[in-house]
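Reviewing the structure listed below.
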Amino acid sequence: MIVEYIRYTVPAGRAAEFEAAYGRAAVPLGKAPQCLDYELSKCVDEPDHYILRIVWTSAQGHMEGFRKSEHFREFFAEIQPYVTDIEEMRHYERILHKTEPTLFEWAGGEEAFSRLTEVFYGHVRKDDVVGPLFAHMDPGHPKYVAMWLSEVFGGPDRYTSERGGYPHMLAQHLGKGITEAQRRRWVSLLMDAADEVGLPDDPEFRAAFASYIEWGTRLALANSQPGATPPTRAPVPRWGWGVAPPYQPSA
């Protein structure tokens with residue numbers, strides 16, 4: 001993850017047009033899978049000064065992925081008139097930031113996700129609804145899914161470096177024709193397994209965990225349908241706490 005800062009000095013007479021242009025440019029920027037977050041801020045003390053902060057998956061994701069995409073072309077078409085107003089445009093690596101554990105750390109790390117997927121797929125194999133999808137499952141599949149979940153929830157990027165990342169995961173779903181009943185059973189069995197192996201059961205963790213599982217399984221369902229044409233290249237998603245960070249009583 002890398003943070004880009006772009007500093008502008010925009011004359012007062014062009015400020016309203018500048019802000020409107022970025023309002024439009026934010027649409028393709030927000031759709032780009034390489035963009036994790038963005039924020040445009042206006043200086044209170046010197047109102048002609050603006051800072052755009054964009055969090056990218058990586059500098060390469062920005063320069064090679066986004067810059068060569070249709071999203072960039074749409075983005076740049078809106079902000080091009082203001083390029084001459086840029087005073088600084090650089091990538092920064094975070095040194096200090098607000099500290100809170102990742103979902104990966106809170107869950108118990110790789111060992112916790114390995115326990116989860118071993119127990120979960122043990123139940124999946126015997127299930128009448130979802131079991132047929134996994135009739136010829138690779139023996140290593142539970143381990144690979146544990147690697148995926150670990151990376152999604154803030155752990156090491158082993159699924160990307162060892163298994164091929166998002167394109168490989170996407171390939172596992174294409175053409176499978178998953179039904180809504182199978183998706184729901186998959187989710188239900190996973191939540192039962194989370195209880196069985198003792199994943200943290202605090203409301204904050206389970207809300208964040210469940211939100212990703214709902215999001216991910218609904219994408220898998222859509223991508224598995226006949227004729228589906230999902231994006232073939234994207235980073236592995238990174239999931240955080242959302243609106244409810246972990247509750248940590250003060251000492």
task = Could you walk me through whether R53 and I6 pass side-chain contact (heavy atoms from CB on, under 4.5 Å), step by step?
result = CA-CA 7 Å; R53 179 184 64 85; I6 306 176; over 6 Å; no

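- In terms of modelled atom types and a separation under 3.5 Å, the side chain of R94 and the main chain of V3 share no donor-acceptor contact.
- Between Y22 and Y8, the side chains place a donor N or O and an acceptor N or O closer than 3.5 Å (distance only, hydrogens not considered).
- With Q182 contributing its side chain and V129 its backbone, the two residues share a donor-acceptor pair below 3.5 Å.
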inquiry  = Run the side-chain contact (heavy atoms from CB on, under 4.5 Å) test on L116 and L190 for me, step by step, so that the C-alpha distance in whole Å, both residues' side-chain angles and the decisive distance to 0.1 Å come before the verdict.
reply    = CA-CA 8 Å; L116 172 68; L190 185 66; 4.0 Å; yes

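- Inter-residue side-chain proximity for L170 and P230 is flagged as met; some heavy-atom pair is nearer than 4.5 Å.
- Here K68 pairs with E64 under the salt bridge (Lys or Arg N to Asp or Glu O under 4.0 Å) rule; sequence neighbours left out.
- Counting heavy atoms from C-beta on, the side chains of E93 and I2 come closer than 4.5 Å.
- Hydrophobic clustering (ILVMFWY, side-chain heavy atoms < 4.5 Å, transitive): F205 and V119 are in one cluster.
- If you chain together hydrophobic residues whose side chains sit under 4.5 Å apart, V44 and V10 never meet in one group.
- Considering CG of D157 and OG of S58, their distance stands at 10.5 Å, rounded to 0.5 Å.
- Residues A234 and P33 approach most closely at CB-CB, 4.1 Å, considering heavy atoms.
- Using a 4.5 Å heavy-atom cutoff, the side chains of F209 and L199 are in contact.
- Contact of the P167 side chain with the T232 side chain is not registered, since no non-hydrogen atoms from C-beta on lie closer than 4.5 Å.
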task = Please report the C-alpha distance between H91 and H62 in whole Å, then the side-chain angles of each, then the deciding distance to 0.1 Å, and finally whether the side-chain contact (heavy atoms from CB on, under 4.5 Å) criterion is met.
result = CA-CA 10 Å; H91 291 121; H62 172 209; 2.7 Å; yes

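- Electrostatic pairing of D48 and K42 does not count as a salt bridge here, judged by no charged N lying under 4.0 Å from a carboxylate O.
- Put simply, V145 and V187 are part of the same group of oily side chains (I, L, V, M, F, W, Y) that touch within less than 4.5 Å, one to the next.
- Two residues are said to be in side-chain contact when any heavy atoms from C-beta on lie closer than 4.5 Å; H141 and F134 meet this criterion.
- In this structure, Y50 and I86 have side chains that are not in contact, with every pair of non-hydrogen atoms separated by 4.5 Å or more.
- Contact record, A222 with A228: O-CB, 3.4 Å, taken as the closest heavy-atom pair.
- In this structure, S188 contributes its side chain and R184 its backbone to no donor-acceptor pair below 3.5 Å.
- The two residues G240 and A208 make their nearest non-hydrogen contact at O-CB, 3.8 Å.
- Residues satisfying the salt bridge (Lys or Arg N to Asp or Glu O under 4.0 Å) test with D127, not counting sequence neighbours, are R185.
- Nearest approach of M169 to H173, heavy atoms of both residues: O-ND1, 3.2 Å.
- Heavy-atom neighbours of M89 CE from other residues, nucleotides or ligands within 6.0 Å: at or below the threshold of 12.
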message = H123 vs E196, test: side chain to side chain donor-acceptor pair (under 3.5 Å). Steps then yes/no.
response = CA-CA 11 Å; H123 295 315; E196 189 173 339; 2.8 Å; yes

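- Note on ring orientation: taking the six-membered ring where Trp is involved, the planes of F66 and W56 are tilted (angle from 30° to 60°).
- Closest heavy-atom contact between A77 and P81: O-CD, 4.3 Å.
- Of the inter-residue distances, the one linking H168 atom NE2 with T160 atom OG1 reads 12.0 Å to the nearest 0.5 angstrom.
- When the options W241, F104, F113 are evaluated for a ring pair (Phe, Tyr, Trp, His ring centres under 6.0 Å) with F153, the one that passes is F113.
- For T117 (side chain) and P142 (main-chain N/O), a donor-acceptor pair under 3.5 Å exists by modelled atom type.
- Of all heavy-atom pairs spanning G30 and Y38, the tightest one is CA-CE2, 4.0 Å.
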request  = Apply side chain to side chain donor-acceptor pair (under 3.5 Å) to the pair Q34 and T57, showing each step before the final yes or no.
outcome  = CA-CA 5 Å; Q34 301 85 3; T57 53; over 6 Å; no

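- Salt-bridge annotation for D195 and R206: present, with a side-chain N of the basic residue lying under 4.0 Å from a carboxylate O of the acidic one.
- Between the side chain of R115 and the main chain of V197, a donor-acceptor pair closer than 3.5 Å is present.
- Between the side chain of K31 and the backbone N or O of V27, no donor-acceptor pair lies under 3.5 Å.
- By the 30° and 60° cut-offs, the orientation of the rings of F76 relative to F72 is parallel.
- The distance from the CH2 atom of W239 to the CD1 atom of I213 is 9.5 Å, given to the nearest 0.5 Å.
- E70 CD: more than 12 foreign heavy atoms inside a 6.0 Å radius.
- Put simply, CE on M63 and CZ on R67 are 4.0 Å apart, with the number rounded to the nearest 0.5 Å.
- Classified by interplanar angle (parallel below 30°, tilted 30° to 60°, perpendicular above 60°), the ring pair W215/Y212 is tilted.
- Hydrophobic clustering (ILVMFWY, side-chain heavy atoms < 4.5 Å, transitive): I51 and I54 are in distinct clusters.
- Here the OG atom belonging to S69 is positioned 13.0 Å from the CZ atom belonging to R233, to the nearest 0.5 angstrom.
- You'll find the side chain of L149 stays beyond 4.5 Å of the side chain of Y159, heavy atoms only.
- Counting only distance, with no hydrogens or angles, the side chain of S224 and the backbone of L174 share no donor-acceptor pair below 3.5 Å.
- Remark: D85 CG to I79 CD1 distance equals 10.5 Å, nearest 0.5 Å.
- Relative to the ring axis of Y144, R163 places its NZ or CZ within 45° and under 6.0 Å from the centre.
- Within 6.0 Å of CD in E87 there are more than 12 heavy atoms belonging to other residues, nucleotides or ligands.
- Between the side chain of Y166 and the main chain of P231, a donor-acceptor pair closer than 3.5 Å is present.
- Considering only heavy atoms from C-beta on, W186 stays 4.5 Å or farther from L133 through its side chain.
- Judged purely by atom type and a 3.5 angstrom limit, E214 has no side-chain atom pairing as donor or acceptor with the backbone of S211.
- A single hydrophobic cluster is seen to contain both V83 and L40, as judged by linkage of ILVMFWY side chains at heavy-atom distances under 4.5 Å, directly or through other members.
- Around atom CG of D128, no more than 12 heavy atoms belonging to other residues, nucleotides or ligands sit under 6.0 Å away.
- Although no hydrogens or angles enter the test, the distance criterion places a donor-acceptor pair under 3.5 Å between the side chain of Q225 and the main chain of I178.
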